Amino acid sequence: EAQQSSVIALEQLVENALAPLESLAVERGVKVELTRARRAGAVLGHPRDLERMLRNLVENALRHSRPGGHVSISNTGSDDELCIRVADDGPGVPLEERERIFEPFYRAAATRAAAPNGSGLGLAIAREIARAHRGEITLVVPAAGARGACFEISLPSATACLRGSGAPASAARAANS
């Protein structure tokens, strides 16, 4: 069945994606901290796909956080672009694996040891969903000495899509660099 595109409030998208993961957070003893922007905005797209994209990132963060650790989710919005950041306090991603983690079936060595049941598809699927919605997912390079991983989702706002300028500002910056 084909999904219809609709305007989804960013807050609703985040709530829908997080709800099924509450038990995993409790089971792992990981605190989930959600910081909402005053003006979160909305995105135009397929709700189930966008929820899956975000759920994949948060589930990864929960699985890679140390027991008793925390995962933070924050969002920002403008007239043109919405950003969601998912950060954990796990081991992070080694420099040499930073692009490969988005390849289908690729699993970092530390991940294979810590979570032997994963398929290596979560990040690849999440990135494809973002790109299908004219957005992107990137691994934010950590500050020196920082712990964990931080992924940023950039999507065009519903306003930008409806007026026809649906390329997020980050995509335009990348194209011009």
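Since the structure is predicted, the reported quantities are computational estimates derived from the model, not experimental observations.
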Query raised in the report: Can you list the steps and then say if Thr35 with Ile73 is a side-chain contact (heavy atoms from CB on, under 4.5 Å)?
Result: CA-CA 6 Å; Thr35 304; Ile73 301 152; over 6 Å; no
Report task. Apply side-chain contact (heavy atoms from CB on, under 4.5 Å) to Glu152 and Ile137, showing your working. Result -> CA-CA 6 Å; Glu152 183 175 271; Ile137 295 180; over 6 Å; no
Requested in this report: Start with the C-alpha gap between Arg134 and Glu81, add the side-chain angles, then the distance that decides, and say whether salt bridge (Lys or Arg N to Asp or Glu O under 4.0 Å) holds.
Outcome: CA-CA 11 Å; Arg134 294 181 288 182; Glu81 182 178 48; over 6 Å; no
Query - Worked verdict on Leu18 versus Val58 for side-chain contact (heavy atoms from CB on, under 4.5 Å) - result: CA-CA 8 Å; Leu18 292 180; Val58 175; 3.7 Å; yes
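The backbone N or O of Glu11 lies less than 3.5 Å from no partner atom in the side chain of Arg36, so there is not a single donor-acceptor pair. Between the side chain of Arg147 and the backbone N or O of Asp89 there is at least one donor-acceptor pair closer than 3.5 Å. At distances below 3.5 Å, at least one donor-acceptor pair connects side-chain atoms of Ser78 with backbone N or O atoms of Asp80.
The two residues Ile8 and Gly45 have their closest heavy-atom pair at CD1-O, 3.6 Å. Taking every heavy atom of both residues into account, Pro47 and Leu13 meet most closely at O-CD1, 4.4 Å.
Screening residues 50-60 for side-chain hydrogen bond (donor to acceptor under 3.5 Å, both in side chains) gives Asn16-Glu51, Glu59-Arg63 as the qualifying pairs, with residues at least two apart or on separate chains.
Grouping the Ile, Leu, Val, Met, Phe, Trp and Tyr side chains by contacts below 4.5 angstrom, directly or via other members, places Leu24 with Val86.
For Glu128, there are no salt bridge (charged side-chain N to carboxylate O under 4.0 Å, His left out) partners at least two apart in sequence or on another chain.
Side chains of His70 and Ser65: no donor on one and acceptor on the other come within 3.5 Å.
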